[in-house]
Visitor: 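My questions will all concern the structure given below.
Remember, it's 1-based here, ligands and their atoms both numbered in the order they're listed. The shown structure was predicted, so the numbers you read here are calculated from the model rather than taken from an experiment.
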Amino acid sequence: MSAELRGLGVARGIAIGRAHLLAPSELEVKQYHVQRGDVLHEVARLNNAFSLVRAELEELRGTVSSEAPGEVKAFLDLHRMILDDSLLCDAPRDLVRSRLINAEWALTIQLEELCRQFDSIDDEYFRSRSLDVRQVVERVLRRLAGGRPAVATLPRQLEEGERLVLVAHDMAPADVLALKERAGVNLAGLVLEAGGMTSHTTILARSLGLPAVVGASEAREAIAEGDLVVLDSDSGRLIVNPDAALLESYRQRIQEEGLRRAELRKLKGKLARTSDGIAVALLANIEMPEDARDALEAGADGIGLFRSEFLFMNRDQLPSEDEQFEAYARVARSMKGKPVVIRTLDIGADKVLTASARDSLGILPGNGIEEPNPALGLRAIRYCLAYPELFLTQLRAILRASSLGTVRILVPMLAHVHEIEEAMAFVSRAKEQLKDKRQKFDGRIAVGGMIEVPAAALTLPAFVSRLKFLSLGTNDLIQYTLAIDRNDSAVAHLYDNLHPAVLHLVHKTIRTGEKARIPVSVCGEMAGDVILTELLLGMGLRQFSMNPSQLLVVKQRLFELSTRTAARLSARVLRSHDPIEIRRAIERSSADGRTAARLSPPAAPAAAQVSA
Ligand code: PEP
Ligand code: MG
C-alpha cells in the first residue's frame with residue numbers, strides 16, 4: 001500500500017529507489033564504575049579510540065577526490081577539530097578519573113553537556129553543530145566498542161538499474177561521502193529523520209546534488225527495507241510504494257528535468273546575449289554567504305543582492321563587526337572580483353530580530369512585532385537610521401570587505417532624499433572610523449539605492465543624482481503601489497506584477513537610469529520570472545538579479561530574444577491599461593520561444609518568496 005510522508009526538501013530534484021534503512025545511529029552505551037586501579041586502562045582505551053578515529057578521518061580526507069566540493073574537506077576538518085577539542089578529548093579523561101566511571105559513560109556525559117550548551121544557543125546554525133559533535137562521539141564510541149569504522153554498510157545486491165534511497169535517523173557528512181563513493185551512481189537520494197536547513201549533512205547533500213528530504217521524523221517507521229520510495233526534494237514529499245501511474249509520472253519528470261538541466265548546463269560558461277548581440281548581466285540573489293556557491297555554479301556575473309539581514313535573524317546576539325566582515329569577505333573573495341552588492345540591513349516588517357537581540361539594542365516597542373502596520377513601519381533604512389550604532393557597525397564591516405573584491409552598498413526602501421543623505425553621512429563616518437584604525441577599504445565604494453517605494457520611483461532625478469546605481473525591488477514596489485500586503489493571503493489574488501501602474505514605474509526607473517548613465521537592475525522576483533524576460537528587456541533592462549536556480553533558464557530565454565522585438569512588446573504593453581490585454585500580449589510573444597514559460601494568474605507570491 002502506498003503512503004506519503006513529508007519533510008523538508010533541502011536539495012533539488014527527484015529520486016526513485018529502493019529504501020535501505022540504516023541502523024539507528026545511537027549506540028547502546030554500557031555504563032559502569034571502575035576500580036581506581038583500572039583508571040589508567042580506561043584512559044588508555046579513550047586515547048586509543050581517539051587516535052583510531054583521528055586516523056579514520058585522515059584516511060577519509062585522503063580519499064576525497066579533487067573534484068569534490070570544497071565543503072567536503074571542510075566537513076572532515078571540522079570533525080577533526082571537534083575531535084581534538086579539549087572539551088571533547090580531555091574532559092572525559094578527567095571524568096573517568098574523578099568519578100571512576102568507564103570511558104563510554106564519561107564520553108556520553110560530556111557529549112550531553114556539550115549538546116546542552118549548543119542547544120541553548122538561539123541560532124539554527126550553531127544548534128545544528130551539536131549534530132556534528134554527536135556524530136564525532138559516535139565514531140569514538142564505535143571504536144571503543146571494538147567496532148568497525150563508522151561507515152554504514154551497503155545493502156543486498158541491487159538489481160540491474162535499481163538505485164538506493166538511504167533512510168536514517170541521522171548521518172555524519174563523512175558517512176554520506178563514504179557511502180556516495182561506494183555506491184556511486186546507485187545512490188539516488190537521502191532521507192533523514194533529523195537535520196535542518198543548515199545541518200552539514202544537508203549542506204553536503206546540496207553540494208553533491210543529492211536529492212534529500214530531512215526532518216522526516218517518522219521515516220524509519222513508515223518505510224521498510226526494500227520499499228520503493230519516490231523522494232521529491234523540490235516539495236519535501238516522500239511517497240512509499242507509489243502506484244504505477246504516479247511512479248510513471250515521476251519517472252517522466254526525472255527524464256524531462258535531466259534533459260532540461262543538461263541543456264541548460266551547456267549555457268553556464270556562455271555570456272548572456274540576445275540574438276542581436278546585446279550583452280545582459282545575470283546576477284544572483286543570495287541570503288547567506290554559502291549561497292555564493294550556487295551563484296558561481298549557475299555562472300552568475302556577480303551577486304546582485306545579498307540580503308544581509310539573514311545574518312541577523314534567529315539569534316539572540318547581533319553579529320559583531322568582525323563576524324559580519326567574515327561573512328561579507330567570504331562572498332567577496334569567492335566571487336573573485338565580480339561585483340557583490342550587499343544590501344544594508346532590511347529588518348522590520350516580517351523579518352524581525354529576536355526579542356533578546358532587540359533588547360541588546362535597547363529597543364522598546366517597534367521593529368515589526370508590536371507595530372500596527374509593520375510593512376509601513378520602522379523597516380530597512382528607517383530602522384538603520386534609528387539605530388546608528390547598528391548601521392555603523394554594518395557599514396564598517398562592508399567597507400572592510402570592500403578591500404577584498406568589488407563590493408557595493410545597496411540601501412533598501414528609500415523614499416526621501418534626506419534618507420540618502422543621512423545614509424551617505426553614515427558611510428562617510430564609517431570610513432573615518434576605519435581610517436582612524438588604519439583599516440583598509442575601497443574609498444570609492446559605490447553606494448546605490450533600492451527603488452521599491454513608489455515615492456522614489458516618482459521622484460527619480462533626486463535619487464539618480466546622488467546614487468551610483470539603482471536596484472528595482474519589484475516585490476515591494478508591487479506591494480506598496482497596489483497597497484497589497486505581500487504576506488497576506490487574503491489579498492494575494494490582487495498582487496499583480498503586470499498591473500499597468502507597476503509596469504510604468506519599472507519602465508520609468510529603467511529609462512531614467514539609462515539617461516543618467518547609471519546602471520539599473522531588477523532584483524525582485526520579476527527578474528527571475530522567465531515569462532517577463534522579454535518585457536523587461538524591451539523596457540531597456542540589462543541587469544537581472546535572481547535566485548541562482550533561475551539564472552540559466554533566463555539566459556536561455558535571452559538567447560532567443562531580440563531587443564527590437566522586445567522593445568515592440570514593451571511598447572505595446574505600456575500603451576495598454578487593460579491587464580487582460582497585457583497578459584495576452586506577453587503570452588502571445590512567449591509562445592514563439594523554445595523556453596517553456598507560462599503566465600500564472602496573479603496569485604500569492606508571499607509564501608514562495610523570501611519576503612521582506
Ligand atoms: C524586493 O522588494 O523586490 C526585494 C528584492 O527585496 P525583498 O524581497 O528582500 O524585500
Ligand atoms: Mg524589498
Side-chain angles (χ1 to χ4, degrees), residues 282-288 291 295 300 302-313 340-353 367-368 374-384 394 408-415 419 423 448-457 463 469-488 492 495-499 501-503 505-507 509-510 513 519-529 532 536 539 541 543-551 554 604-612:
L282 295 182
L283 306 151
N285 293 352
I286 62 169
E287 279 79 46
M288 293 300 276
D291 301 339
I303 303 296
L305 173 68
F306 180 173
R307 290 179 160 105
S308 68
E309 58 278 8
F310 280 81
L311 295 172
F312 291 69
M313 290 152 60
V340 174
V341 177
I342 302 177
R343 175 169 77 184
T344 56
L345 194 58
D346 182 8
I347 210 77
D350 59 334
K351 289 188 283 196
V352 291
L353 299 176
N367 137 332
L376 302 179
L378 198 61
R379 188 191 151 181
I381 186 60
R382 304 171 183 181
Y383 201 100
C384 287
Q394 180 174 42
R408 295 174 185 150
I409 297 173
L410 178 63
V411 184
M413 214 189 164
L414 290 167
E419 287 166 338
M450 285 194 76
I451 303 300
E452 47 187 354
V453 177
F463 287 75
F469 64 97
L470 301 179
S471 189
L472 268 155
T474 49
N475 305 339
D476 277 315
L477 188 62
I478 298 165
Q479 148 162 284
Y480 294 128
T481 305
L482 303 182
I484 302 299
D485 183 338
R486 61 194 262 204
N487 298 306
D488 184 349
Y495 186 100
D496 184 4
N497 54 17
L498 292 180
H499 190 293
V502 172
L503 297 180
L505 292 177
V506 171
H507 179 239
T509 307
I510 296 170
V520 178
S521 69
V522 169
C523 64
E525 296 299 298
M526 282 178 83
D529 189 346
L532 302 179
L536 293 173
M539 288 181 179
L541 189 72
Q543 289 194 8
F544 294 64
S545 189
M546 65 198 77
N547 183 309
S549 63
Q550 282 304 103
L551 206 134
V554 171
Q609 294 169 0
V610 176
S611 58

Visitor: Is Leu410 close to Phe469 at the side-chain level, that is, under 4.5 Å between some pair of heavy atoms?
Guide: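 Yes - at least one pair of side-chain heavy atoms lies under 4.5 Å apart.
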Visitor: When you look for heavy atoms under 4.0 Å from ligand 1, do you find them on the side chain of Leu305, its backbone, both, or neither?
Guide: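 Answer for Leu305: side chain.
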Visitor: Is ligand 1 less than 4.0 angstrom away from at least one heavy atom of Met526?
Guide: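 Distance cut 4.0 Å: Met526 fails for ligand 1.
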Visitor: Does the side chain of Ile484 reach to within under 4.5 Å of the side chain of Ile478, using non-hydrogen atoms?
Guide: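 No, every pair of side-chain atoms sits at 4.5 Å or beyond.
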Visitor: Measure from the Mg ion (ligand 2) to each N, O or S atom of Asp476 and report whether any distance is below 2.8 Å.
Guide: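 Checking Asp476: at least one N, O or S atom is under 2.8 Å.
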Visitor: Measure from the side-chain N and O atoms of Ser308 to the backbone N and O of Arg343, and report whether any donor-acceptor pair falls under 3.5 Å.
Guide: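 Checked: pair present.
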Visitor: Is there a donor-acceptor pair closer than 3.5 Å between any side-chain N or O of Arg382 and the backbone N or O of Leu376?
Guide: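 Here the side-chain-to-backbone pair exists.
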Visitor: Any donor-acceptor pair under 3.5 Å linking the side chain of Asp476 with the backbone of Met413?
Guide: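 No, because the side chain of Asp476 does not come within donor-acceptor range (under 3.5 Å) of the backbone of Met413.
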Visitor: With the Mg ion (ligand 2) as the reference point, give the N/O/S atom of Glu452 that is nearest.
Guide: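 Looking at Glu452, the N, O or S atom with the least distance to the Mg ion (ligand 2) is OE1.
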Visitor: Are any of the heavy atoms in Glu525 under 4.0 Å away from ligand 1?
Guide: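 In this structure, Glu525 fails to qualify as a contact of ligand 1 - no heavy atom is under 4.0 Å.
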Visitor: For atom 9 (O) of ligand 1, which of the options Arg307, Met546, Gln479 provides the nearest non-hydrogen atom?
Guide: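 Selected option, by shortest heavy-atom distance: Arg307.
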Visitor: Could you tell me whether Arg379 approaches ligand 1 through its side chain, its backbone, both or neither, with non-hydrogen atoms closer than 4.0 Å?
Guide: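 Side chain only; the backbone of Arg379 stays clear of ligand 1.
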Visitor: Is there a polar contact, in the sense of an N or O pair closer than 3.5 Å, between Glu309 and ligand 1?
Guide: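 No; every N/O pair is 3.5 Å or more apart.
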Visitor: Tell me if a side-chain donor or acceptor on Tyr495 pairs with a main-chain N or O of Asn475 at a distance below 3.5 Å.
Guide: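 Side chain of Tyr495 to backbone of Asn475: a pair is present.
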